[in-house]
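Let me begin by presenting the structure, written as C-alpha coordinates, before commenting on it.
Bear in mind the structure is a predicted one, so any value in this text is a computation, not a measurement. Quick note: residue numbers are just sequence positions, from 1.
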Amino acid sequence: SGVNAIRGWSDSSYITVANGTGAFVSEQEIVYDPASYDDYGNPERQTITGFNESKDVLTYKEITNSYSGINAIRGFSDSSTIINKTYDGGAFVSKQIISYGDYDDYGNAIEQAITSFKENGEELDYKETFTSYEAGVNSILGFASSSNAYNYTDSSKSNLIDRQLVVFSG
(Lines give C-alpha, C1' and ligand atoms only; values in the text may rest on other atoms or scores of the structure.)
Protein backbone atom coordinates (compact mmCIF):
# COMPACT_ATOMS: atom_id res chain seq x y z
CA SER A 1 0.00 0.00 0.00
CA GLY A 2 1.03 3.64 -0.32
CA VAL A 3 4.48 4.45 -1.65
CA ASN A 4 5.53 0.79 -1.30
CA ALA A 5 2.90 -0.19 -3.87
CA ILE A 6 4.24 2.46 -6.27
CA ARG A 7 7.70 0.94 -5.82
CA GLY A 8 6.35 -2.58 -6.38
CA TRP A 9 7.02 -3.66 -2.78
CA SER A 10 4.44 -6.05 -1.40
CA ASP A 11 2.64 -5.84 1.95
CA SER A 12 1.87 -9.56 1.91
CA SER A 13 1.92 -12.75 -0.14
CA TYR A 14 -0.16 -15.91 0.02
CA ILE A 15 1.07 -19.34 -1.01
CA THR A 16 -1.26 -22.32 -1.33
CA VAL A 17 0.30 -25.74 -1.87
CA ALA A 18 -1.66 -28.53 -3.54
CA ASN A 19 -0.67 -32.10 -4.36
CA GLY A 20 -0.66 -33.64 -7.84
CA THR A 21 -4.42 -34.16 -7.79
CA GLY A 22 -5.08 -30.56 -6.74
CA ALA A 23 -5.96 -31.38 -3.13
CA PHE A 24 -5.02 -28.81 -0.50
CA VAL A 25 -1.74 -29.48 1.36
CA SER A 26 -0.96 -26.22 3.18
CA GLU A 27 -1.12 -22.44 3.00
CA GLN A 28 1.23 -19.66 4.10
CA GLU A 29 0.75 -15.94 4.56
CA ILE A 30 3.90 -13.81 4.37
CA VAL A 31 3.52 -10.30 5.78
CA TYR A 32 6.26 -7.77 5.07
CA ASP A 33 6.77 -4.92 7.54
CA PRO A 34 6.19 -1.95 5.22
CA ALA A 35 8.57 0.27 7.21
CA SER A 36 11.40 -2.27 6.96
CA TYR A 37 12.20 -2.13 3.24
CA ASP A 38 15.70 -0.79 2.65
CA ASP A 39 16.67 1.60 -0.16
CA TYR A 40 17.03 -1.34 -2.58
CA GLY A 41 13.63 -2.91 -1.87
CA ASN A 42 14.87 -5.67 0.42
CA PRO A 43 12.43 -6.56 3.21
CA GLU A 44 14.29 -6.55 6.50
CA ARG A 45 11.37 -7.84 8.63
CA GLN A 46 8.62 -10.27 7.77
CA THR A 47 6.39 -12.89 9.36
CA ILE A 48 5.29 -16.21 7.90
CA THR A 49 2.18 -17.95 9.20
CA GLY A 50 1.38 -21.50 8.09
CA PHE A 51 -2.21 -22.76 8.06
CA ASN A 52 -4.06 -26.00 7.53
CA GLU A 53 -7.21 -26.22 5.40
CA SER A 54 -9.39 -25.08 8.35
CA LYS A 55 -7.17 -21.97 8.71
CA ASP A 56 -5.74 -23.20 12.03
CA VAL A 57 -2.24 -21.81 12.62
CA LEU A 58 0.37 -24.56 12.26
CA THR A 59 3.56 -22.49 12.25
CA TYR A 60 4.57 -18.89 12.90
CA LYS A 61 7.97 -17.37 12.07
CA GLU A 62 9.40 -13.92 12.67
CA ILE A 63 12.24 -13.24 10.23
CA THR A 64 14.78 -10.42 10.28
CA ASN A 65 17.18 -10.10 7.33
CA SER A 66 20.29 -7.95 7.07
CA TYR A 67 21.91 -6.66 3.88
CA SER A 68 25.05 -4.66 3.18
CA GLY A 69 27.28 -3.45 0.36
CA ILE A 70 26.93 -5.06 -3.04
CA ASN A 71 24.74 -7.80 -1.53
CA ALA A 72 22.11 -5.19 -0.64
CA ILE A 73 22.10 -3.88 -4.21
CA ARG A 74 21.77 -7.44 -5.57
CA GLY A 75 19.13 -8.41 -2.97
CA PHE A 76 21.31 -11.07 -1.30
CA SER A 77 20.97 -11.34 2.47
CA ASP A 78 24.07 -11.31 4.69
CA SER A 79 22.15 -13.03 7.48
CA SER A 80 18.66 -14.02 8.59
CA THR A 81 17.33 -14.51 12.10
CA ILE A 82 14.30 -16.79 12.31
CA ILE A 83 12.26 -17.12 15.50
CA ASN A 84 9.68 -19.91 15.43
CA LYS A 85 6.64 -19.60 17.70
CA THR A 86 3.43 -21.54 18.15
CA TYR A 87 1.50 -18.50 16.83
CA ASP A 88 1.77 -14.68 16.80
CA GLY A 89 2.53 -13.84 20.43
CA GLY A 90 2.70 -17.56 21.25
CA ALA A 91 5.29 -19.72 22.95
CA PHE A 92 8.90 -19.82 21.75
CA VAL A 93 9.78 -22.93 19.74
CA SER A 94 13.26 -22.25 18.32
CA LYS A 95 15.63 -19.62 16.95
CA GLN A 96 18.07 -19.88 14.07
CA ILE A 97 20.62 -17.44 12.73
CA ILE A 98 21.69 -18.09 9.15
CA SER A 99 24.83 -16.39 7.83
CA TYR A 100 25.47 -16.39 4.11
CA GLY A 101 29.19 -16.43 3.38
CA ASP A 102 29.27 -16.11 -0.37
CA TYR A 103 27.09 -16.06 -3.47
CA ASP A 104 27.93 -16.93 -7.06
CA ASP A 105 27.24 -14.63 -10.02
CA TYR A 106 23.67 -15.95 -10.30
CA GLY A 107 22.68 -15.38 -6.66
CA ASN A 108 23.13 -18.97 -5.49
CA ALA A 109 24.29 -19.22 -1.88
CA ILE A 110 27.66 -21.02 -1.82
CA GLU A 111 28.30 -20.99 1.94
CA GLN A 112 25.78 -20.98 4.78
CA ALA A 113 26.26 -21.27 8.53
CA ILE A 114 23.20 -22.03 10.66
CA THR A 115 23.26 -21.70 14.44
CA SER A 116 20.24 -22.94 16.40
CA PHE A 117 19.44 -21.61 19.86
CA LYS A 118 17.30 -22.40 22.87
CA GLU A 119 15.06 -19.66 24.29
CA ASN A 120 17.73 -18.75 26.89
CA GLY A 121 20.26 -18.10 24.09
CA GLU A 122 22.24 -21.31 24.59
CA GLU A 123 23.39 -22.92 21.35
CA LEU A 124 21.67 -26.14 20.33
CA ASP A 125 23.81 -26.92 17.31
CA TYR A 126 25.73 -25.45 14.41
CA LYS A 127 25.68 -26.43 10.74
CA GLU A 128 27.83 -25.36 7.80
CA THR A 129 26.76 -26.03 4.24
CA PHE A 130 28.89 -25.64 1.14
CA THR A 131 27.04 -25.89 -2.17
CA SER A 132 28.54 -26.28 -5.65
CA TYR A 133 26.97 -25.30 -8.95
CA GLU A 134 28.25 -26.42 -12.35
CA ALA A 135 28.79 -23.64 -14.85
CA GLY A 136 26.05 -23.23 -17.39
CA VAL A 137 22.29 -23.42 -17.36
CA ASN A 138 22.05 -25.39 -14.08
CA SER A 139 23.90 -22.65 -12.24
CA ILE A 140 21.73 -19.99 -13.85
CA LEU A 141 18.60 -21.89 -12.77
CA GLY A 142 19.96 -22.46 -9.25
CA PHE A 143 20.30 -26.24 -9.61
CA ALA A 144 23.10 -27.39 -7.30
CA SER A 145 25.53 -30.10 -8.37
CA SER A 146 26.50 -30.99 -4.80
CA SER A 147 25.99 -29.94 -1.21
CA ASN A 148 28.31 -30.71 1.69
CA ALA A 149 26.81 -30.22 5.18
CA TYR A 150 28.68 -30.47 8.47
CA ASN A 151 26.73 -30.70 11.75
CA TYR A 152 28.47 -29.75 15.00
CA THR A 153 27.35 -29.55 18.62
CA ASP A 154 28.14 -25.79 18.63
CA SER A 155 29.89 -23.03 16.67
CA SER A 156 33.32 -23.88 18.12
CA LYS A 157 33.21 -26.81 15.64
CA SER A 158 35.14 -28.96 18.17
CA ASN A 159 32.65 -31.86 18.03
CA LEU A 160 31.47 -33.02 14.61
CA ILE A 161 28.12 -34.85 14.82
CA ASP A 162 27.92 -35.89 11.18
CA ARG A 163 28.71 -34.91 7.63
CA GLN A 164 26.40 -35.32 4.70
CA LEU A 165 27.43 -35.10 1.06
CA VAL A 166 24.62 -34.92 -1.48
CA VAL A 167 25.44 -35.13 -5.18
CA PHE A 168 22.66 -34.15 -7.54
CA SER A 169 22.36 -35.65 -11.00
CA GLY A 170 19.81 -35.64 -13.70
Side-chain angles (χ1 to χ4, degrees), residues 1-2 4-5 7-38 40-68 71-72 75-101 103 107-109 111-131 142 144 147-164 166:
S1 62
N4 285 352
R7 293 178 175 155
W9 301 346
S10 181
D11 289 337
S12 62
S13 303
Y14 295 89
I15 301 168
T16 301
V17 178
N19 66 16
T21 64
F24 180 92
V25 173
S26 66
E27 184 176 71
Q28 290 184 336
E29 177 186 27
I30 304 168
V31 177
Y32 306 94
D33 178 349
S36 78
Y37 281 99
D38 68 12
Y40 303 104
N42 301 309
E44 295 175 343
R45 290 185 306 277
Q46 63 198 64
T47 58
I48 301 176
T49 307
F51 302 95
N52 63 14
E53 196 166 13
S54 301
K55 300 292 184 197
D56 299 320
V57 174
L58 300 175
T59 60
Y60 181 79
K61 300 175 183 180
E62 296 172 350
I63 301 172
T64 304
N65 301 304
S66 66
Y67 306 86
S68 66
N71 283 349
F76 304 159
S77 179
D78 293 328
S79 67
S80 297
T81 300
I82 304 168
I83 298 174
N84 295 288
K85 295 183 177 182
T86 52
Y87 56 88
D88 187 4
F92 177 90
V93 175
S94 66
K95 176 181 175 178
Q96 292 182 320
I97 296 178
I98 305 170
S99 298
Y100 302 94
Y103 290 93
N108 301 309
E111 300 173 20
Q112 295 176 323
I114 304 169
T115 309
S116 298
F117 298 90
K118 296 180 183 179
E119 189 170 15
N120 66 4
E122 181 183 339
E123 281 188 32
L124 283 171
D125 61 19
Y126 177 79
K127 179 188 287 185
E128 288 183 324
T129 303
F130 303 92
T131 307
S147 181
N148 219 339
Y150 298 85
N151 296 304
Y152 300 93
T153 54
D154 60 38
S155 59
S156 72
K157 300 193 287 186
S158 59
N159 187 15
L160 178 67
I161 298 170
D162 65 10
R163 173 183 173 258
Q164 182 179 28
V166 178

Partner residues of [X] under the side chain to side chain donor-acceptor pair (under 3.5 Å) criterion, sequence neighbours left out:
X      : answer
Ser155 : Glu123
Tyr60  : Asp88
Gln112 : none
Ser66  : Ser79

Minimum heavy-atom distance [X]-[Y], with the two atoms named:
X      : Y      : value
Ala144 : Thr131 : CB-CG2, 3.5 Å
Ile30  : Ile15  : CD1-CD1, 3.8 Å
Asn120 : Glu122 : OD1-N, 2.9 Å

Under 3.5 Å, is there a donor-acceptor pair between the side chain of Asn42 and the main chain of Ala72? yes

Say whether, by atom type as modelled, one donor and one acceptor occur between the side chain of Ser116 and the main chain of Leu124 under 3.5 angstrom.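 Pair absent, no side-chain N/O of Ser116 close to backbone of Leu124.
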
For residues 44-59, which residue pairs pass the salt bridge (Lys or Arg N to Asp or Glu O under 4.0 Å) check, not counting sequence neighbours?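 Matches after skipping sequence neighbours: Glu27-Lys55, Asp33-Arg45.
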
Got a second to check how far [X]'s [atom1] is from [Y]'s [atom2], nearest 0.5 Å?
X      : Y      : atom1 : atom2 : answer
Asn148 : Glu111 : CG    : CD    : 12.0 Å
Asn84  : Thr59  : CG    : OG1   : 7.5 Å
Gln96  : Thr115 : CD    : OG1   : 9.0 Å
Phe117 : Ser94  : CZ    : OG    : 11.5 Å
Asp78  : Tyr67  : CG    : OH    : 9.0 Å
Ile97  : Ile83  : CD1   : CD1   : 8.5 Å

Ring pair (Phe, Tyr, Trp, His ring centres under 6.0 Å) filter on Tyr37, not counting sequence neighbours, yields Trp9

Just to verify, what does Phe76 make a ring pair (Phe, Tyr, Trp, His ring centres under 6.0 Å) with, not counting sequence neighbours? Tyr103

Residues which pass side-chain contact (heavy atoms from CB on, under 4.5 Å) with [X], listed by chain and number, not counting sequence neighbours:
X      : result
Pro34  : Asn4, Asp11
Asn108 : Asp104, Tyr106, Tyr133, Ser139
Gln164 : Val166
Thr153 : Asn159, Ile161

Mind running side-chain contact (heavy atoms from CB on, under 4.5 Å) on Asn151 and Asp125 for me, showing each step along the way? CA-CA 7 Å; Asn151 296 304; Asp125 61 19; over 6 Å; no

Is it true that atom OH of Tyr87 has more than 12 heavy atoms of other residues, nucleotides or ligands lying nearer than 6.0 Å? no

Is there side-chain contact between Val57 and Phe51, with heavy atoms separated by less than 4.5 Å?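 Sidechains of Phe51 and Val57: in contact.
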
In the structure I gave you, are the side-chain heavy atoms of Ser156 and Tyr126 within less than 4.5 Å of one another anywhere?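 Contact flag for Ser156/Tyr126 side chains = no.
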
Contacts of type salt bridge (Lys or Arg N to Asp or Glu O under 4.0 Å), residue Lys85, not counting sequence neighbours: Glu62

